[in-house]
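The structure under discussion appears below in the form of structure tokens.
Just so it is clear, the values below take in all heavy atoms, side chains as well, and ignore hydrogens, waters and symmetry mates. Chain letters run A, B, ... following the sequence lines, proteins first and then strands; every chain starts at 1.
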Amino acid sequence: MRVLLVEDDVMIAQGLETALRQIGAAVDWIRDGEHAAAALRGTVFDVVLLDLGLPNRDGINILRELRQRGDATPVIILTARDEIRNRVAGLDAGADDYVVKPFDLDELTARMRSVLRRAAGRGDPLIQHGDLCLDPAAHSVEYKGAPVNLSAHEYAVLEALLQRPGAVMSRAQLEDRLYGWDEPIGSNAVEVYIHGLRRKLGSEVIRTLRGVGYFIPKS
Amino acid sequence: MKSIRARLVIALTILVAMVSMLAAIVTYRRVLNETSDLFDYQLRQMALSLRGQITMAPQIEVPPDQGDSDFVVQIWDLFGTRVYLSRPGLPMINQVVLGYTNLSLRGEGWRAYGLQTPQGVIQIAQPIRVREALARAAALRVVIPLVLLLPVMVAFVAWIVGRGLLPLRHVTAEVQRRDIHGLSPLVAPNLPLEIAPLVNELNRLLARLEKSFLAQRAFIADAAHELRSPLTALRLQLQLLDRAPDPVARRCARERLGAAVERSIHLVEQLLTLARSDPGETSPSFEPVDLAVVAAAAISDSRILAMTRHIDIGLDAEPSSVVQGESEGLRTLARNLIDNAVRYTPPGGSVAVRCRPTADGAVLEVIDTGPGISPADRERVFDRFYRHPNATENGTGLGLAIVKAIADRHAAHVRLAEAPSGGLRVTVNFPKPS
């Protein structure tokens, strides 16, 4: 899961970055409105956490531009503005959810999962595919009814591939899901995680399309 | 007695009553006198009218009085013999006094008039008792309406006073309708001259109150809003501490939690300082304060931060840079300026603090080698909670607002300019102690 965090408060941003990385998300943190708008034009994110009171450009403004482009990337507004009219304005500008500071970390991640679920068109909080069952809330995986122990990055690769079964994801695309811009990427890190997943789930679960990427076949 | 109305009604009632009584007494007396004159005139007229009868037939037998008249008529001939007495049974004094006289007959007073005619003397007499009774009755007839009018007049007085105080009651009702949310001016048209200034002053006070109330409310809203950020950081770091997977992460979370706590404390302290610096919040006790002492104290407050950031702080103080002020507030002012300078100056830079007396008073200057503040921003930085978009420091946005508030209280002027080094130069000009 790749997250764009747009937040001008250093302490809050650092805390959120740490928390989201702990659940295996790739976090890109931007402090200023203009840069955030530029990042949204150039990169695909799974979810955007958007503060409203930003330097140089207001969060609502960035959100409007995003939606006017027809970009449906899930956006959660994270703000200290708690008045009803602010919430209404935020949601009407195209936000998928509105979280008021100070928020609870568990609630925020639950809301992130919820908007991701809706974006993927799923109603079930569990991702079921064949013998595989992912619980995004608990970050747990069951294969043939038995729990499987995955590292955070392995989980992230599996979740990314399960979002759209049958679709092929390149190594670069998977790296995007795993790492933010400023995180160092190991040269064959994705291969390592795929190898780990195949070892734990059996080699048939994830297929390789040589020279293109990886996919999980539609059942 | 507290009520104007009651006081006026009572005072006016007493006045009306006294005037009425006085008028009644005077009238009574005058009516008595005038009636007496009138009776005298009557006596004389009677005597004059009898004169002709004597002339015509001096020996004529005037029919004796039937006794139902108050008057007694006596006629004497030229030889002094009483030829006529109107009430024969009545022993009258056989004595002639010409003109008006008071006679006493067996303890009863009489008023008499004697008239000399060529034929003899005519005397008409009347009992004073009768005259007085008649006069008193006449006087009372005049006075009684006056006394009866008294309650009517008192009622009128009460009514007039009530009407006169009506505008006051309107204003009271207007004021009673006010609460803390309705501080709009009182609307009371056609006010009398006596009440208009009161209402005007009240409206001015209401306007000032509303302004300060709105400012207070805005400040509280801003403060609550600003408190959310450090609280969010606190909660985040606390949750991260709980779920830290390893000791390194735990130590990191703990450090950041500590920083978040410090930040919250700093914000609360700044908010309190600002609230206390608000003009009118306290009546500051001003005393002569040496800016050099204040600056030295403020520098020692910021010393540790400057050391960790490798920033050189210097104080250049000329003697007798004395201003009239409150030393604690001035120290806060200097500390905020120096703190800002230290925070925004890159490591290895320097901060110079200067104070010197001037022709108009004294001046305190803080000059740093930081990035400075662009001219466009120099006014806005004094706004509460304003932070420069590119500011990297976790400031509260209150430092310069506090400086401004304290300076205002000291009638001092704060000016931001560019230092020769390109950094910021803050100049605080204090007026001469008066």
Is atom [atom1] of [X] surrounded by more than 12 heavy atoms (other residues, nucleotides or ligands) closer than 6.0 Å?
X: A:Asn149; atom1: CG; result: no
X: A:Lys101; atom1: NZ; result: yes
X: B:Arg415; atom1: CZ; result: no
X: B:Arg254; atom1: CZ; result: no
X: A:Arg164; atom1: CZ; result: no
X: A:His139; atom1: NE2; result: yes
X: B:Leu272; atom1: CG; result: yes

Considering only heavy atoms, give the residues of residues 334-342 of chain B separated from chain A by less than 4.5 Å, sorted numerically, with 'none' for an empty result.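 Interface residues of residues 334-342 of chain B: none, nothing closer than 4.5 Å to chain A.
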
What's the separation between atom [atom1] in [X] and atom [atom2] in [Y], rounded to the nearest 0.5 Å?
X: A:Thr18; Y: B:Gln237; atom1: OG1; atom2: CD; answer: 6.5 Å
X: B:Gln239; Y: A:Gln22; atom1: CD; atom2: CD; answer: 11.0 Å
X: A:Ile12; Y: B:Leu231; atom1: CD1; atom2: CG; answer: 9.5 Å

Check your understanding: Where does B:Ala259 contact chain A at under 4.5 Å (heavy atoms): side chain, backbone, both or neither?
Key ->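 Contact with chain A: backbone and side chain both.
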
| said: Less than 4.5 Å apart, side chain to side chain, heavy atoms only: is that true for B:Leu236 and A:Met11? | reply: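 Counting from C-beta outward, B:Leu236 and A:Met11 never come under 4.5 Å.
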
- Query: So, do A:Asp9 and B:Arg263 sit near enough that their side-chain heavy atoms are less than 4.5 Å apart?
  - Reply: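 In contact.
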
- Interface residue of largest heavy-atom contact number with chain B, from A:Leu54, A:Asp104, A:Leu108, under 4.5 Å: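 Of the options given, most contacts go to A:Asp104.
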
Decide, yes or no, whether a salt bridge links A:Asp106 with B:Arg243 under the criterion of side-chain N to carboxylate O below 4.0 Å.
->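 Looking at B:Arg243 together with A:Asp106, the answer is yes, because their closest N to O distance falls below 4.0 Å.
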
Checking A:Asp82 against chain B: side chain, backbone, both or neither under 4.5 Å from a heavy atom?
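It is the side chain, since no backbone atom gets that close.
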
Minimum heavy-atom distance between B:Arg228 and A:Pro102, given as atom pair plus value: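 Minimum heavy-atom contact is NH1-CD, 4.1 Å.
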
